[in-house]
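These figures come from a predicted structure and were not determined experimentally.
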Amino acid sequence: MEYRKISDLLKSTEFGKEVGVRGWVRTKRGNKNVAFIAVNDGSVIHTIQAVVDLSKIPEETLKHVTTGACVYITGILAQSQGQGQSVEIQTTALEIVGLCDETFPLQKKAHTLEFLREIAHLRPRTNTFGAILRIRHHMAFAIHKFFNDKGFFYLHAPIITGSDAEGAGEMFRVTTLDMNNPPRNTDGSVDDKQDFFGKETNLTVSGQLQAELAAAALGLVYTFGPTFRAENSNTPRHLAEFWMMEPEMAFYDITANMDLAESMLKYVVQYALEKCKDDLEFLNIRAIEEDKTKKQNERSKTTLLERLQAVVDHSFKRITYTEGIAVLKSADKKFEFKPEWGSDLQKEHENYLVDHFGVPVIVTDYPKDIKAFYMKLNEDGKTVRAMDILFPYIGEMIGGSQREENYDKLYARIKEMHIHEESLGWYLETRKFGTFPHSGFGLGFERLILFITGMSNVRDVIPFPRTPKNAEF
RNA sequence: UCCUUGGUAGCUCAGCUGGUUAGAGCACAUGACUGUUAAUCAUGGGGUCACUGGUUCGAGCCCAGUCCGAGGAGCCA
């Protein structure tokens, strides 16, 4: 007898063969003659039904088959006599490996996502989170596959950084100093020279600058790893610890950059539609059910599966920031913030643009003053070669740019923006020694998963979310 | 961080204008039932009304503060 994955057994036609499954009980039903145990092992969203003849299995054993218990079940694979499933196991042996008493918080009913966040150590055992975690895996794999197939090299950017000038937000300090009694300089400031690295260090907020260094040697590279922002952001789209994927391409201009980003997104969405069918169908129904609880005007006009298919089928709309502002100004809608050339697009503006064009929108050529120092200046001297990809429900999915490769212009920009140039000497040297045109972008992985799964809070698409005032589990 | 909103049984929620012993469904326990599909039916146990203080003859309900959650905004991915 061989233990098998439920995903295999549900597809099997080896009726009459003895098989075994190992997993966790989702529900038990029955009467005094027969019991039905639904078992899930995580290999698929579905359960397999084990049929137990009560004259063969002691009642004492069956008593401990409770929701959440871990069981090993052996039996004969058979075509089901019931309606709900095609395959089932006629149980010959049943072993309770892990008891689960009535204090187990997951019940045979729907729970709110808020409650499940409080029991994040148990929520992978729900259908919803099982589906999300499987999809999350497949999406990470699809990203690696996409880039590998295109000849990119996966670069491991450092998690600990000594650079304090990346300008992407508040950082988490990394130190081994005694917080209660740190060594101090004569002026009272903390003496970082005595710290582990001999200087102030932090957790990375981006792997981009390191990726640029590697692109100057390997040509096409990407990073994919955890990223940390100590911002006090309390929104459904922000985490203090999230995963970011950042490709960096030598000899790509902004257009090639956009082409790559668009084809990558289409590739991974298509991959999900093909490889995560069962999970997506479950989440599709889940989203429809959830929608019914909302007010009429807040309900979505499309289903999750329709939105995913639409991304694959349609080209993204590409407009410049200046054109975008013009669209917003002529819009038949009152904005809380008036669209004005020079100020950043507000959430309501992004939403309007995406809604207006009905497809993901790539906005390019933003005013230089609202973008990062490393973006390439356009001939007009006012705008930079930035590109943001805006998605329905999500907002900014990708942010990228062509990089400024001219040493003098980049140096001037660093000065202009009062950035600590000493800590960026190594970065500037890429422009000094064989500088090259290049581009790249950053993709927030959780935001991608949000879009793919139809969930609405990033805290529900990462196993153990870290947010302000919350680092449980 | 700001604005809005919420915290009542293990879970989801009701609780009227401040008035007797705080309710329901699910879950759980016991029993019934010859194949169930979140099985069904009957019976039963289960409460620091987030916390602290105040107003009142009387507070789940009113007031103040604190903690925590959610939504929106900002920051961003």
Charged N to carboxylate O below 4.0 Å: is that the case for [X] and [Y]?
X	Y	value
A:D279	A:R136	no
A:R123	A:D460	yes
A:K368	A:E404	no
A:E348	A:K333	no
A:E446	A:R237	no
A:K63	A:E59	no

Position toward the 5' end of RNA chain B (nearest nucleotide), A:N470 or A:I370: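 The answer here is A:N470.
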Closest-nucleotide ordering on RNA chain B, the 5'-leading residue of A:N351 and A:V51: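 Residue closer to the 5' terminus by nearest nucleotide: A:V51.
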Under the side-chain contact (heavy atoms from CB on, under 4.5 Å) test, residues paired with A:A35 that sit two or more places apart: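 Here the qualifying residues are A:V52, A:L54, A:L62.
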Please state the [atom1] separation for the pair [N] and [M] - nearest whole angstrom.
N	M	atom1	value
B:U34	B:G7	C1'	47 Å
B:G23	B:A64	C1'	30 Å
B:U43	B:C51	C1'	37 Å
B:A24	B:G47	C1'	14 Å
B:G46	B:U21	C1'	16 Å
B:A14	B:U8	P	10 Å
B:U1	B:G74	C1'	8 Å
B:C28	B:U12	C1'	16 Å

Atom [atom1] of [X] and atom [atom2] of [N]: how far apart are they, to the nearest Å?
X	N	atom1	atom2	result
A:I89	B:U37	CD1	P	20 Å
A:E170	B:U1	CD	C1'	12 Å
A:Q83	B:A39	CD	C1'	14 Å
A:E241	B:C76	CD	C1'	17 Å
A:Q346	B:C75	CD	P	6 Å
A:F36	B:U40	CZ	C1'	13 Å
A:L62	B:G35	CG	C1'	15 Å
A:N457	B:A70	CG	C1'	9 Å

Nearest to the side chain of [X] - [options]?
X	options	value
A:Q85	B:U36, B:G71, B:C33	B:U36
A:Q49	B:U37, B:C68, B:G74	B:U37
A:N31	B:U37, B:G35, B:C68	B:G35
A:R237	B:G71, B:A73, B:U36	B:A73
A:N234	B:U30, B:G35, B:U1	B:U1

Cation-pi geometry met for A:K266 and A:F316 (6.0 Å, 45°):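 Judged by the rule, A:K266 and A:F316 form a cation-pi pair.
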Check whether any side-chain N or O of [X] sits under 4.0 Å from OP1 or OP2 of [N], and answer yes or no.
X	N	result
A:K108	B:A27	no
A:T235	B:C75	no
A:R459	B:A70	yes
A:R29	B:U36	no

Polar side-chain contact A:S233-B:C75 base: donor and acceptor under 3.5 Å: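 Present.
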Side-chain donor-acceptor contact under 3.5 Å, A:Q208 with A:S206: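 No - no donor-acceptor pair under 3.5 Å links their side chains.
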Using atom names, set out every protein N or O paired with an N or O of nucleotides 9-13 of chain B below 3.5 Å, distance rounded to 0.1 Å.
residue : atom : partner : partner atom : Å
B:G10   : N2   : A:Q107  : OE1          : 2.8
B:G10   : N2   : A:Q107  : NE2          : 2.8
B:G10   : N3   : A:Q107  : NE2          : 3.1
B:C11   : O2'  : A:K109  : NZ           : 3.3
B:C11   : O2   : A:K109  : NZ           : 2.8
B:U12   : OP1  : A:T112  : OG1          : 3.0
B:U12   : O4'  : A:K109  : NZ           : 3.4

At under 4.0 Å between heavy atoms, what does [X] touch on the DNA or RNA strands: base, sugar-phosphate, or nothing?
X	answer
A:E102	sugar-phosphate
A:S80	base
A:L448	nothing
A:Q90	base

pair A:L260-A:F147: side-chain heavy atoms closer than 4.5 Å: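 The answer is yes; the side chains approach within 4.5 Å.
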Stem regions touching RNA chain B, defined by at least 3 consecutive Watson-Crick or wobble G-U pairs below 3.5 angstrom: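 Stems (3+ consecutive pairs) listed as B:1-7 with B:67-73, B:10-13 with B:23-26, B:28-32 with B:40-44, B:50-54 with B:62-66.
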Between CD1 on residue A:I89 and CD on residue A:E18, distance to nearest 0.5 Å: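 Output value for this atom pair is 10.5 Å.
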Test applied, side-chain hydrogen bond (donor to acceptor under 3.5 Å, both in side chains); reference residue, A:D365; option that passes from A:N378, A:T322, A:T383, A:T320: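 Running side-chain hydrogen bond (donor to acceptor under 3.5 Å, both in side chains) over A:N378, A:T322, A:T383, A:T320 with A:D365 returns exactly one hit, A:N378.
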